[in-house]
Amino acid sequence: MALKALSGKVAVITASTEGIGLATARRLGLDGAKVVVSSRRQENVKKAVSLLESENIEVMGTICHVSKEADRGRLVEETVKCFGGIDIFVSNAAVNPAVGPLLDTSEEVWNRIFETNVKATFLLCKLVVPEIEKRGKGSVIIISSVGAYYPMQMIGAYCVSKTALLGLTKVMASELAEKNIRVNGVAPGIIKTKFSEFLWKDEGPISKAAKDIIPMRRFGETDEIAGAVSFLASDASSYMTGETLLLTGGMPVHL
Ligand code: NAP
């Protein structure tokens, strides 16, 4: 039987018990990787592990609230203990706790957004990269957003945090290239998950207005993001680093 693209690899995906994170864990697992799923709630971790096991994916699950130092440390420690190392890291966790004009954002909300979306990604990379280095090569994938490129009103601070991740991707890519570690990003458009359900769930004026700015005239599916992450994790993208792939159904966005 032919080897799968990610056979022998270990992949850690944050916020992976639902939505894009879960679809990514499933995709990487079906492509041959051993996967580690995590999120804040034990019952969600348990459910995700059972689902992936039912598809014969080798999986380990643990609680990890990415903003908690002890949880981040445990995620890395337990992965290394269980699977012997890390080759692929997908930083997927993000929050958007409030909606409103940018300059009405409170300092507390601003801090929460940057703590989870940017700082936790940076701090997790500090823990994970030395483990990837031990393997001789590997791949980091950071989940950004179309909002990094396109100023979406009412979620301004979230958009700024996602633009910061483009910078983190570029700087880490240039520093880690000589270590054989590639760092790329994925910027999803509007994907049908709980996170964005206010935009797509009801077939009303909000959903129509959102669809009108998408040339493909439909919202994305989580599997359509997972496929791009798998590409970036595999040798199919071996000459690519420091880039972020936009998957938006054709929205003509740019910085
Ligand atoms: P989702 O379906 O709402 O899933 C959220 C997942 O994150 C759940 O597994 C949740 O589980 C976990 N989670 C939430 N807060 C966490 C934290 N602090 N630490 C660890 N896990 C946490 O979200 P999604 O749409 O898949 O979003 C995933 C990523 O895609 C995010 O970075 C988001 O910004 C990005 N994105 C999404 C869209 C979209 O349209 N959906 C568009 C652009 C970018 P628990 O509740 O158990 O923690």
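Numbering of ligands and ligand atoms starts at 1, following listing order. Numbering starts at 1 and runs along the sequence shown. Computed from a predicted model, the values in this text were never measured in an experiment. Side-chain atoms are counted along with the backbone in the values below, which use heavy atoms only and exclude waters and symmetry mates.
- At a heavy-atom distance under 4.0 Å, only backbone atoms of S144 (N, CA, C or O) approach ligand 1.
- The distance from the OG atom of S145 to the CG atom of L166 is 9.5 Å, given to the nearest 0.5 Å.
- Between S145 and ligand 1, a contact under 3.5 Å exists for no N or O pair.
- Contact annotation: V66 has at least one heavy atom less than 4.0 Å from an atom of ligand 1.
- Heavy-atom separations between K162 and ligand 1 include at least one value shorter than 4.0 Å.
- The protein reaches atom 12 (C) of ligand 1 closely, with a heavy atom under 4.0 angstrom from it.
- Looking at S196, its side chain never comes within 3.5 Å of a backbone N or O of L199 through a donor-acceptor pair.
- Residue-to-ligand polar distances keep T116 apart from ligand 1: every N/O pair is separated by 3.5 Å or more.
- Contact between F219 and ligand 1 is absent, with no heavy atom of the residue lying under 4.0 Å from the ligand.
- P97 is listed as a side-chain neighbour of I113, based on a closest heavy-atom distance under 4.5 Å.
- Qualifying salt bridge (Lys or Arg N to Asp or Glu O under 4.0 Å) partners for K137, counting only residues two or more places apart in sequence or in other chains: D235.
- Where the criterion is an N or O separation shorter than 3.5 Å, residue side chain and backbone included, S67 fails it with respect to ligand 1.
- For atom 25 (O) of ligand 1, the nearest protein heavy atom (residue, atom name, distance) is T193 OG1, 2.5 Å.
- Formation of a donor-acceptor pair under 3.5 Å by the T14 side chain with backbone atoms of S91 is not found in this model.
- At a 4.0 Å heavy-atom cut-off, ligand 1 touches N92 through backbone and side chain alike.
- Heavy-atom distances between G147 and ligand 1 stay at or above 4.0 Å for every pair.
- Looking at ligand 1, you'll find an N or O of R41 within less than 3.5 Å of one of its N or O atoms.
- Checked by distance only, ligand 1 and S16 stay at 3.5 Å or farther apart across all their nitrogen or oxygen atoms.
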* Asked: So S67 and T116, side chain to side chain donor-acceptor pair (under 3.5 Å) or not? Walk me through it.
  -> CA-CA 6 Å; S67 302; T116 305; 3.1 Å; yes
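- Side-chain contact between L75 and V66 is absent, with no heavy-atom pair separated by less than 4.5 Å.
- Listed for the R26 side chain is no donor-acceptor partner under 3.5 Å among the backbone atoms of A226.
- Of the N or O atoms in P188, none lie within a sub-3.5 Å distance of an N or O in ligand 1.
- Counting only heavy atoms of the protein, atom 26 (O) of ligand 1 lies nearest to I20 N, 2.7 Å.
- Taking every non-hydrogen atom of I190 and a distance limit under 4.0 Å, the qualifying atoms of ligand 1 come out as 40 (O).
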